[in-house]
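The block underneath contains the structure these notes are about, expressed in structure tokens.
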Amino acid sequence: MTGAVLSPHPLSKELMHPEESSWTPSSRDRAAEQPPGQTRRILRLFHPYRGRLAVVGLLVAASSLVSVASPFLLREILDVAIPQGRTGLLSLLALGMILTAVVNSVFGVLQTLISTTVGQRVMHDLRTGVYAQLQRMPLAFFTRTRTGEVQSRIANDIGGMQATVTSTATSLVSNLTAVIATVVAMLALDWRLTAVSLLLLPVFVWISRKVGRERKKITTQRQKQMAAMAAEVTESLSVSGILLGRTMGRSDSLTKSFAAESERLVDLEVRSSMAGRWRMSTIGIVMAAMPAVIYWAAGLTLQQGGPSISTGTLVAFVSLQQGLFRPAVSLLTTGVQMQTSLALFQRIFEYLDLPVDITEPEHPVRLEKIRGEVRFESVDFAYDEKSGPTLSEVDVTVPAGGSLAVVGPTGSGKSTLSYLVPRLYDVTGGRVTLDGVDVRDLDFDTLARAVGVVSQETYLFHTSVADNLRFAKPDATDEELEAAARAAQIHDHIASLPDGYDTLVGERGYRFSGGEKQRLAIARTILRDPPVLILDEATSALDTRTEHAVQQAIDALSAGRTTLTIAHRLSTVRDADQIVVLDSGRIAERGTHEQLLEQDGRYAALVRRDARLAPVAS
């Protein structure tokens, strides 16, 4: 497969702010303390669904108004219909209360359906946005980031926001509308009792905000701990991790390490659950006691000669008050949940705000017909400023259909040079061209069609052989799969398996040997049919016999293609049109195999080294 990256995902553009275009640990920590404009960014997530949310708002408003009507109907029943014996009026009022409950239930179901759909779509957008952003990140990001950490962001962090995203918006609007409508109705019944009821509300708001900040801090720690656990599970329970753990006798220590991580998560989960629990319980107790306070205040007012309050008004007021407290408590709880969710949103925004170093130009060049000439023109490259240059002043031309071999000691920059052609990295000086066009000016589709890579690290998905091959060409026919497998000299082995091309390759292809996996990778590249081929140490991990079989498949793959071979063993590069010897990122020698032997320099020394090691390798 090629190293061309995907085009930017629209969600990350929508959420990216100019002032957040660079991402560093220090800026991330500051953002976690006080995320700038984060609320606006969260609201923008719902912008594409504003029409549906408007419908939810109308349903919420209608439901709140209907709910407020019920206590007034109850007052008329107690003060008018029953005392005056008006049976007809009593029946109508009772029917009205029943209809109120029915209408509220219907509205509630519709609200839940629409708000849940919107919430799930927002979560889908977030998951897709993060995944697309990660697809565009350079290789350096993945070399310094644990796989489990990435998985945790997508699964745990976004999953943890589900309740907030799917129900909080509706709950916020619904409860806020209910509180306003209820307070207005209470004022209409008796303003003095309303003042008593709302006396402690500011204190409750202050308590809930304090609890929310406390839970947000704990949530940030909890999500980091979950990411650490996910990373440990991913590494230690992979096929490679299990093999390493058992052969090193470390299974028990790995279990103890996981248990320690899990224990820390238990502590954080308990702290998160109990944070502010007593304070919020106190609010609930006070609110539950308020009816008694209202009855007591009404009784004292009557005894001291104040204006009398009818039984119906008193019961209706208490009913409204209870109706007020439920949405008020829910609002306070929602506020706590929203502050907690800010920690999750911030972790997601961190990934969406990661700078993308390799992007498609504004007006990319598209090559319909690719010849395959590759040139390195005064190429310099450094992974970062601190590490110094990895490549310096590299000038090489590979004609279309020609072959170049790059050799040299470990760390000389061989693989790095090959990464520059498919833009896995961009040069820091000079340029790399394909058919005379700077690869940085090409569109990603052209690069994907042009460059194929077969590396030492063969990766196969945990699916069938056919699906692994079709990853290169999804519409490939069975005949094309078989032809590619035959060219890679792997068809006979596949055909001998009980399930043939439907055989599951296993995790990372562990049901196949190293040579078989390598030939499957070659078949996959043959199916892709790129005009430029990069072979990065494709046979270095194989024994001599397997290497010979794989080399035959590589020879079939290389025929007629521009080939760039990165080699440690020199037996695979003797026939190259041109051989370049790298030393500390610079070209030390160049020429054909015979020419370099005559020079008796670095290449000749490497050949002699291989000759000494040949008996061991065999």
Side-chain angles (χ1 to χ4, degrees), residues 1-2 238-240 243 401 403 405 449 451-576 614 616-618:
M1 297 307 296
T2 71
S238 65
V239 175
S240 300
L243 286 174
S403 60
R449 289 185 294 109
V451 186
V453 179
V454 179
S455 67
Q456 176 184 346
E457 295 291 333
T458 301
Y459 189 86
L460 299 175
F461 293 101
H462 185 47
T463 183
S464 68
V465 171
D467 287 341
N468 270 282
L469 295 179
R470 283 197 175 97
F471 190 77
K473 187 179 180 182
D475 59 349
T477 64
D478 292 342
E479 290 74 18
E480 288 175 316
L481 294 186
E482 183 175 329
R486 286 185 184 279
Q489 300 192 31
I490 191 65
H491 169 73
D492 291 342
H493 176 70
I494 297 173
S496 69
L497 299 172
D499 295 325
Y501 283 82
D502 292 327
T503 301
L504 289 176
V505 302
E507 179 71 20
R508 295 184 62 85
Y510 268 88
R511 294 185 64 178
F512 290 82
S513 69
E516 291 163 354
K517 287 191 293 184
Q518 199 67 287
R519 278 176 279 178
L520 282 173
I522 292 170
R524 187 165 57 190
T525 305
I526 290 174
L527 203 59
R528 183 75 176 172
D529 194 24
V532 178
L533 178 65
I534 294 176
L535 303 171
D536 185 7
E537 306 275 15
T539 63
S540 63
L542 306 177
D543 60 77
T544 305
R545 182 176 179 181
T546 304
E547 179 188 6
H548 179 70
V550 172
Q551 189 60 47
Q552 288 181 311
I554 288 176
D555 292 340
L557 173 61
S558 304
R561 306 177 199 275
T562 304
T563 307
L564 174 60
T565 303
I566 310 300
H568 182 68
R569 289 191 228 171
L570 305 186
S571 58
T572 61
V573 302
R574 293 171 183 257
D575 298 327
V616 177
S618 59

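We're numbering straight along the sequence, starting at 1.
Each of I566, I534, D536, L535 was scored for a side chain to side chain contact (heavy atoms under 4.5 Å, CB included) with S455, with one residue passing: D536.
Between the side chain of R528 and the main chain of A472, a donor-acceptor pair closer than 3.5 Å is present. At distances below 3.5 Å, not a single donor-acceptor pair connects side-chain atoms of S464 with backbone N or O atoms of T503.
Considering all non-hydrogen atoms of both residues, V573 and A567 come closest at CG1-CB, 3.4 Å. Residues A521 and V454 share a closest heavy-atom pair of O-CG2, 4.5 Å. The shortest non-hydrogen separation linking P531 to R449 is CD-O, 3.3 Å. Summarising the geometry of L527 relative to A484, their closest heavy-atom pair is CD1-CB, 4.1 Å, with the distance given to 0.1 Å. The two residues A488 and I526 come nearest to each other via the heavy atoms N-CD1, 4.0 Å. In plain terms, the two heavy atoms of Y501 and A485 that are nearest each other are OH-CB, 3.2 Å.
To the nearest 0.5 Å, atom CD of residue E480 and atom CZ of residue R470 are 9.0 Å apart. Annotation: the span from L460 atom CG to L469 atom CG amounts to 8.5 Å, rounded to 0.5 Å. Distance check: R561 CZ to D529 CG gives 4.5 Å after rounding to the nearest 0.5 Å. Atom CD of residue E482 and atom OG1 of residue T477 lie 10.0 Å apart, to the nearest 0.5 angstrom.
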Between K517 and V505, does the side chain to side chain contact (heavy atoms under 4.5 Å, CB included) criterion hold? Intermediate values first, please. CA-CA 9 Å; K517 287 191 293 184; V505 302; over 6 Å; no
Taking it one step at a time, do T463 and F471 satisfy side chain to side chain contact (heavy atoms under 4.5 Å, CB included)? CA-CA 11 Å; T463 183; F471 190 77; over 6 Å; no
So V532 and L564, side chain to side chain contact (heavy atoms under 4.5 Å, CB included) or not? Walk me through it. CA-CA 8 Å; V532 178; L564 174 60; 6.0 Å; no
Which is it for L520 and N468 under the side chain to side chain contact (heavy atoms under 4.5 Å, CB included) test, yes or no, and what are the steps along the way? CA-CA 8 Å; L520 282 173; N468 270 282; over 6 Å; no
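Atom CG of D499 is surrounded by more than 12 heavy atoms from other residues, nucleotides or ligands within 6.0 Å.
Aromatic ring orientation, H493 versus F512: perpendicular (interplanar angle above 60°, classes split at 30° and 60°).
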